[in-house]
Amino acid sequence: MAALGNLVAGVSHELNTPLGAIRANTDVTKRALEIVGARIADTIEADRKLGRSFETLRGICETNASAAARIDDILKALRNFARLDESKQKKVDLHEGIESTLTLLTHKLGDKITVERDFGELPRLFCNPDQINQLLMNLLNNAIEAIESSGRVTVRTEQVDSDVLVHIIDDGVGIAEEDLERVFDPGFTTKGVGVGTGLGLPICYRIAQQHGGRIDVRSEPGRGAHFTVRLPIREALQPPA
Ligand code: ADP
Ligand code: MG
């Protein structure tokens, strides 16, 4: 996994330079088109062929800009994935992580989604807090995105034996039976081209694994989804394999 991490980090770094060039050029082209367009506005109006070409060029700039933004999103997710090997380990209050993640998601919650907290007594957890927060962020994001108009997200925590359990439950669209075993596959998404990356859950899976824990899902179409993260309470993390 460490080798994969290095590869991803390297490739994503290499892709950044050409991506930057595409973004900058698209931006310059867009502005140049605006200037040229304003100068020859009358001609464009009179000449239908020229008018259509102008519209095509504008459209291409828009498409390129959103394609570049999309690549950027994927690269960010990949870099996050690659960074999982760096571990900064600390003893933290998991509920604080949940609260700060929810704060970051306030804008996505709106007033249509209610968040219910059902927090148990938890010991401070020895973990990599950045990774755990990312795991919470990905799961909560998915829960919110699964709710079409209005609904409820429940975050429940408990200690069971020597494990801490975090349940993230939503009453959204749910998961089709044939998809249940694929949701953790890298690249699997039902969110459509340009919307989902399919990298959220594989990252969660790996983070849970690196903490010696695991993550499970239960769901039925139309009846929401229930993700359970199980993390062992321990004094040190095992070095990455
Ligand atoms: P993405 O969110 O980019 O699609 P993820 O890896 O986070 O990628 O999730 C993969 C897929 O798993 C989603 O596209 C969706 O089909 C399904 N999924 C994940 N969480 C939920 C949820 N809470 N409710 C319904 N479906 C979910
Ligand atoms: Mg997701």
Side-chain angles (χ1 to χ4, degrees), residues 1 4-5 8 12 15 66-84 97-98 100-110 112-118 130-158 165-211 213-231:
M1 261 338 202
L4 174 67
V8 167
S12 115
L15 286 178
S66 53
R70 170 87 182 135
I71 295 173
D72 207 45
D73 281 348
I74 296 172
L75 287 180
K76 272 192 201 113
L78 279 174
R79 275 197 298 274
N80 267 324
F81 194 64
R83 261 208 299 274
L84 298 184
I98 294 170
S100 52
T101 309
L102 284 170
T103 304
L104 290 173
L105 287 169
T106 312
H107 68 288
K108 291 190 82 176
L109 290 166
K112 296 267 171 61
I113 300 178
T114 325
V115 177
E116 194 173 297
R117 295 158 175 80
D118 180 7
D130 292 347
Q131 292 184 7
I132 294 300
N133 288 346
Q134 198 194 341
L135 174 151
L136 294 167
M137 174 65 88
N138 293 356
L139 290 178
L140 286 166
N141 235 322
N142 281 344
I144 294 168
E145 285 169 0
I147 294 172
E148 278 173 334
S149 48
S150 63
R152 178 188 298 268
V153 175
T154 305
V155 186
R156 185 157 70 230
T157 62
E158 58 180 336
L165 265 58
V166 183
H167 305 269
I168 295 183
I169 305 155
D170 67 73
D171 58 4
V173 294
I175 303 171
E177 204 187 331
E178 66 268 25
D179 290 343
L180 264 183
E181 50 193 65
R182 298 157 68 198
V183 293
F184 295 103
D185 291 350
F188 176 79
T189 179
T190 54
K191 292 181 186 161
V193 180
V195 183
T197 59
L199 291 172
L201 286 180
I203 289 177
C204 292
Y205 193 86
R206 201 174 154 207
I207 291 172
Q209 240 180 6
Q210 284 195 334
H211 284 78
R214 60 171 220 253
I215 169 167
D216 295 294
V217 58
R218 277 184 294 161
S219 177
E220 271 176 54
R223 309 197 58 183
H226 182 153
F227 283 83
T228 305
V229 184
R230 181 182 285 267
L231 301 167

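For ligands, and for the atoms within them, numbers begin at 1 and follow the listed sequence. Everything numeric here is computed off the predicted structure, so don't read it as measured data.
- Heavy-atom separations between Phe184 and ligand 1 are all 4.0 Å or longer.
- Listed by number with element, the atoms of ligand 1 under 4.0 angstrom from any heavy atom of Ala225 are 22 (C), 23 (N), 24 (N).
- Considering all non-hydrogen atoms of both residues, Ile113 and Lys108 come closest at CD1-O, 4.3 Å.
- Within the set Gly200, Pro186, Gly198, the minimum heavy-atom distance to atom 1 (P) of ligand 1 is found for Gly198.
- Within 6.0 Å of CD in Glu158 there are more than 12 heavy atoms belonging to other residues, nucleotides or ligands.
- Neither the backbone nor the side chain of Val195 has a heavy atom within less than 4.0 Å of ligand 1.
- At least one N/O-N/O distance between Leu201 and ligand 1 falls below 3.5 Å.
- For ligand 1 and Pro202, the ligand atoms under 4.0 Å from any heavy atom of the residue are 6 (O).
- Near Ala146, meaning under 4.0 Å from any of its heavy atoms, are these atoms of ligand 1: 22 (C), 24 (N), 25 (C).
- Nearest protein heavy-atom contact of atom 20 (N) of ligand 1 is Asn142 CB, 3.3 Å.
- Distances from atom 12 (O) of ligand 1 to the heavy atoms of Thr190, Asp185, Val183, Ile203 put Val183 nearest.
- Interface atoms of ligand 1 facing Thr197, defined by a heavy-atom separation under 4.0 Å, are 3 (O).
- Residue contacts with ligand 1: Gly174 is included, with a non-hydrogen atom under 4.0 Å away.
- Atoms of ligand 1 lying under 4.0 Å from any heavy atom of Ile175, numbered from 1 in the order shown and given with element: 25 (C), 26 (N), 27 (C).
- Taking a 6.0 Å sphere around CZ of Arg223, one finds it holds 12 or fewer heavy atoms contributed by other residues, nucleotides or ligands.
- Not a single heavy atom of Asn138 sits less than 4.0 Å from an atom of ligand 1.
- Atom NZ of Lys191 has more than 12 heavy atoms from other residues, nucleotides or ligands within 6.0 Å.
- Salt bridge annotation for Arg182-Asp179: present, with a cationic side-chain nitrogen under 4.0 angstrom from a carboxylate oxygen.
- Each of the following atoms of ligand 1 lies closer than 4.0 Å to a heavy atom of Thr189: 1 (P), 4 (O), 14 (O).
- Using a 4.0 Å cutoff on heavy atoms, Gly224 does not count as a contact of ligand 1.
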